[in-house]
Amino acid sequence: MSGNPTGIPDGTPAAAPTGASAARAGRPANGPAVTRQEFDALFASVRSWGRWTAADRGAWNRVTAEDVRRATATVRDGTVVPMARPWDTRPGPDNARPALHHMTDLGDVQAPEPSVHKDFLAADYHGKSVTHLDALSHVAYRGQLFGGRAAREHVGAAGARFGAVSALGALVTRGVLVDLPTVLGVDWLEPGRAVHARDVVAAEEALGVAIGEGDAVLLRSGALRRRRELGPWNPDAASAGWHVDAVPLLAERAVALLGADGDSDVRPSPVEGLHSPVHALAVTAMGVPLLDNLDLEPLSAACAAAGRYAFLLVVAPLNVPGGTGSPVNPVAVL
């Protein structure tokens, strides 16, 4: 598929997303700008409400046992690549609420022999540093969760009564890495760079892979490499990610999961009044969970070495009743 599937113009706006200095430096922009009216029409066009009986599993219903068997056929040499970032307990511009880790037993609490060592972990994980999965209860648009359920009626102080991460279970499917820096011959995409449908089509051609039904699509912008070489920045202010005009193509391909080394949304948002429009389209309209804050650098290297960008993907979130998501360590097997 080529061209513009949304009807939204895909030119570059006059102002770059990170200010005039970025525009002078020639950085790609986050646009084109999208009005709320255009966004609402797009939301309606990709909506998949009422499609599945097990509604709180959303697009994971697309993955059948036969799909799992086909995915296992992508394994050739047995290379295993975890994708979780390290548990980040250090504050920074991209980690306003650091994760917690401290010891609770240094072999001096219980009776002696054998001595044991215990620790405590906690995280406000829906941020920019912990690798995690967003379940369908995580995002509402205009007060509604996936399927049109009222968020106020289904999510409360005790957690989610619809769309909880515990309803998802584990996902085993084919993963596809959209490795744009490799396609473009750059080290990374600059923060604020929007990824469009035309970029997906170009990446498929360059990488020799086609996105299909039930696939998990992982977008590499090179954000972790940029962070390691240049230092952290505030990704709420600027980050590379999907523009909303890429979503109809992903919906047409009937994907089951989206993930990225950011949180999937380009920032600043190109949609007036919406800070995370791709979250609303994917989770709320399409029922597609999201993987945020992946470390895709080892996977990029492994795919380049193997000469292929499709692989077996295993995602096993924690079984948290009522949880809106979960920290997770997704694993690719090539």
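Given the structure is predicted, the values throughout are model-derived calculations rather than measurements.
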For [X] and [Y], does a side-chain donor sit closer than 3.5 Å to a side-chain acceptor?
X: His102; Y: Asp119; result: no
X: Ser129; Y: Asp88; result: no
X: Asp105; Y: His117; result: no
X: Ser300; Y: Asp179; result: yes
X: His126; Y: Asp124; result: no

How close do [X] and [Y] get, counting heavy atoms only, and between which atoms?
X: Ala140; Y: Leu145; answer: CB-CD2, 3.9 Å
X: Asn30; Y: His243; answer: O-CD2, 3.3 Å
X: Ala282; Y: Leu258; answer: CB-CD1, 4.2 Å
X: Val247; Y: Leu281; answer: CG2-CD1, 3.8 Å
X: Pro327; Y: Trp87; answer: CB-CZ3, 4.3 Å
X: Gly214; Y: Ala256; answer: O-CB, 3.6 Å

Give the C-alpha distance, both sets of side-chain angles, the deciding distance and a yes or no for side chain to side chain contact (heavy atoms under 4.5 Å, CB included) between Val68 and Thr173. CA-CA 5 Å; Val68 175; Thr173 192; over 6 Å; no
Between [X] (side chain) and [Y] (backbone), is there a donor-acceptor pair under 3.5 Å?
X: Asn329; Y: Ala84; result: yes
X: Ser276; Y: His279; result: no
X: Ser137; Y: Ala160; result: no
X: His154; Y: Ala150; result: yes
X: Arg267; Y: Pro191; result: no
X: His132; Y: Tyr125; result: yes
X: Ser239; Y: Gly262; result: no
X: Thr74; Y: Leu312; result: yes
X: Ser221; Y: Ala223; result: yes
X: Asn293; Y: Val130; result: yes

Atom pair [atom1] ([X]) and [atom2] ([Y]), whose distance is rounded to the nearest 0.5 Å:
X: Leu291; Y: Thr131; atom1: CG; atom2: OG1; answer: 8.5 Å
X: Leu294; Y: Leu224; atom1: CG; atom2: CG; answer: 9.0 Å
X: Leu296; Y: Arg225; atom1: CG; atom2: CZ; answer: 14.0 Å
X: His101; Y: Thr89; atom1: NE2; atom2: OG1; answer: 8.5 Å

Quick one: do Glu153 and Arg149 satisfy salt bridge (charged side-chain N to carboxylate O under 4.0 Å, His left out)? Show the steps, please. CA-CA 8 Å; Glu153 296 176 5; Arg149 293 163 178 81; over 6 Å; no
For Tyr309, run the side-chain contact (heavy atoms from CB on, under 4.5 Å) check against Leu299, Val183, Leu334, Leu207 and tell me which one passes.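 It is Leu207, the one option of Leu299, Val183, Leu334, Leu207 that forms the side-chain contact (heavy atoms from CB on, under 4.5 Å) with Tyr309.
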Are [Y] and [X] co-members of a hydrophobic cluster defined by side-chain heavy atoms under 4.5 Å apart?
X: Val209; Y: Val200; result: yes
X: Val46; Y: Trp60; result: yes
X: Val165; Y: Leu121; result: no
X: Leu106; Y: Val116; result: no
X: Val266; Y: Leu250; result: no

Is the ring pair Trp49/Phe146 parallel, tilted or perpendicular, if the boundaries are 30 and 60 degrees?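 Plane angle over 60°, so perpendicular.
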Any side-chain heavy atom of Val172 sitting closer than 4.5 Å to one from Leu313?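 No - every pair of side-chain heavy atoms lies 4.5 Å or more apart.
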Please examine the side chains of Arg47 and Met286, heavy atoms only from C-beta on, and report whether any two atoms are closer than 4.5 Å.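 Heavy-atom side-chain distance check fails, nothing below 4.5 Å.
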Around [X], counting heavy atoms of other residues, nucleotides and ligands shown, do more than 12 lie under 6.0 Å from its [atom1]?
X: Arg152; atom1: CZ; value: no
X: Glu272; atom1: CD; value: yes
X: Glu66; atom1: CD; value: yes

Run Tyr141 and Asp40 through side chain to side chain donor-acceptor pair (under 3.5 Å) and show every step you take. CA-CA 10 Å; Tyr141 181 60; Asp40 285 346; 2.5 Å; yes
For Leu219 and Trp242: C-alpha separation, side-chain torsions, deciding distance, then whether side chain to side chain contact (heavy atoms under 4.5 Å, CB included) applies. CA-CA 8 Å; Leu219 173 64; Trp242 297 112; 3.7 Å; yes
Pick one: which of Arg226, Lys128, Arg227 meets salt bridge (Lys or Arg N to Asp or Glu O under 4.0 Å) with Asp94?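 Between Asp94 and the candidates, salt bridge (Lys or Arg N to Asp or Glu O under 4.0 Å) is satisfied uniquely by Arg227.
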Using a strict 4.0 Å threshold on nitrogen-to-oxygen distance, state whether [X] and [Y] make a salt bridge.
X: Asp261; Y: Arg85; result: no
X: Glu297; Y: Arg228; result: no
X: Asp199; Y: Arg193; result: yes
X: Arg174; Y: Asp67; result: no

Evaluate salt bridge (charged side-chain N to carboxylate O under 4.0 Å, His left out) for Asp215 paired with Arg253, printing each intermediate quantity in order. CA-CA 9 Å; Asp215 284 350; Arg253 302 294 181 85; over 6 Å; no
